Amino acid sequence: MNSVSAATAGAAVFVWFGMVLAISFLEAPLKFRAPGVTIPIGLGIGRIVFRALHLVELVLVVITLAAVAAGGPGTPVVVLTAVVAVVLAAQLGVIRPRLNRRSDRVLAGERLPRSHAHWYYVGLETIKAVALLVLGVLLLAA
């Protein structure tokens, strides 16, 4: 893979990886432990934060896809790039709409049990984080 494409994709991937770790695995669970943060307040904050994260992720996936496509990568880089793109598409196109509908209901005052969709999102987020880390390391070695 050419060095400019590898450096560009690598930078995007590591920024993306850091954001996923900071928001999904640190901010999201911790906000509910803060004094005075109720479920509705936490959901409202989470929706704003994840909307912003997902917009940035869309920019980063486009940068990554373009850099990888231009760089002549090997099969492992292509496969991992596809994995992170497909996982993001599943999160945004399938799971997030379900979570938004559920959070709309909670914000309207309904009391609902924890959603299974939330666990699917977390599972995909874990897969995405691992794939981003491995992809970033491969791009560093390119």
Side-chain angles (χ1 to χ4, degrees), residues 1 4-142:
M1 187 162 178
V4 172
S5 294
T8 302
V13 163
F14 279 118
V15 167
W16 188 357
F17 176 67
M19 291 182 75
V20 167
L21 288 182
I23 293 172
S24 294
F25 297 107
L26 190 61
E27 182 275 339
L30 289 179
K31 77 173 154 268
F32 291 101
R33 293 185 178 180
V37 175
T38 63
I39 299 272
I41 289 171
L43 286 176
I45 293 167
R47 286 175 71 153
I48 292 167
V49 170
F50 275 90
R51 185 177 308 122
L53 172 64
H54 292 146
L55 288 173
V56 173
E57 284 186 297
L58 288 170
V59 171
L60 293 171
V61 75
V62 168
I63 292 168
T64 302
L65 289 168
V68 167
T75 301
V77 169
V78 171
V79 168
L80 286 168
T81 302
V83 166
V84 297
V86 168
V87 167
L88 180 62
Q91 287 177 306
L92 299 183
V94 178
I95 298 172
R96 179 149 181 224
R98 290 176 64 193
L99 290 173
N100 283 345
R101 285 190 298 274
R102 182 185 182 284
S103 66
D104 286 342
R105 292 173 60 194
V106 171
L107 291 171
E110 284 187 56
R111 291 188 171 260
L112 301 170
R114 189 164 204 137
S115 168
H116 291 286
H118 177 262
W119 292 112
Y120 295 132
Y121 187 92
V122 171
L124 287 176
E125 198 74 336
T126 302
I127 292 166
K128 183 172 65 183
V130 170
L132 284 167
L133 177 60
V134 175
L135 177 59
V137 169
L138 289 175
L139 290 166
L140 283 176

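Predicted model only: the values in this text are computed from it and were never measured.
- Within 6.0 Å of CZ on Arg98 lie no more than 12 heavy atoms contributed by other residues, nucleotides or ligands.
- One distance of note links CG of Leu107 with CD1 of Ile39; it measures 10.5 Å at 0.5 Å rounding.
- Using a 4.5 Å cut-off on side-chain heavy atoms (C-beta onward), Leu135 and Val77 make contact.
- Remark: Leu58 engages Leu88, Leu92 in a side chain to side chain contact (heavy atoms under 4.5 Å, CB included) (not counting sequence neighbours).
- Contacts classified as salt bridge (Lys or Arg N to Asp or Glu O under 4.0 Å) and involving residues 82-93 (residues at least two apart or in different chains) are not found.
- Distance CG/Leu80 to CG/Leu138: 6.0 Å, rounded to 0.5 Å.
- Residues satisfying the salt bridge (Lys or Arg N to Asp or Glu O under 4.0 Å) criterion with Arg101, sequence neighbours excluded, are absent altogether.
- In terms of the salt bridge (Lys or Arg N to Asp or Glu O under 4.0 Å) criterion, residue partners of Arg105 (sequence neighbours excluded) are, by chain and number, Glu110.
- Phe14 has its side chain within reach of Leu133: a pair of non-hydrogen atoms, C-beta onward, lies under 4.5 Å apart.
- The neighbour count for His118 NE2, taken as heavy atoms of other residues, nucleotides or ligands under 6.0 Å away, does not exceed 12.
- Taking all atoms of both residues into account, the shortest heavy-atom contact from Ala70 to Ser5 is C-OG, 3.7 Å.
- Taking each heavy atom of Leu139 and Ala6 in turn, the nearest pair found is O-CB, 3.8 Å.
- Between atom CZ of residue Phe32 and atom CD1 of residue Ile45 there is a gap of 8.0 Å, rounded to the nearest 0.5 Å.
- Remark: Asn100 engages no residue in a side-chain hydrogen bond (donor to acceptor under 3.5 Å, both in side chains) (not counting sequence neighbours).
- Atom OH of Tyr120 is surrounded by 12 or fewer heavy atoms from other residues, nucleotides or ligands within 6.0 Å.
- In this structure, the side chains of Glu125 and Phe25 come closer than 4.5 Å at one or more pairs of heavy atoms.
- The two residues Met1 and Pro73 come nearest to each other via the heavy atoms SD-CB, 3.7 Å.
- Taking each heavy atom of Ser24 and Phe50 in turn, the nearest pair found is OG-CE2, 3.5 Å.
- The stretch residues 32-56 participates, sequence neighbours left out, in these salt bridge (Lys or Arg N to Asp or Glu O under 4.0 Å) pairs: Arg47-Asp104.
- Between Lys31 and Gly46, the shortest heavy-atom distance links the atoms NZ-CA, 3.6 Å.
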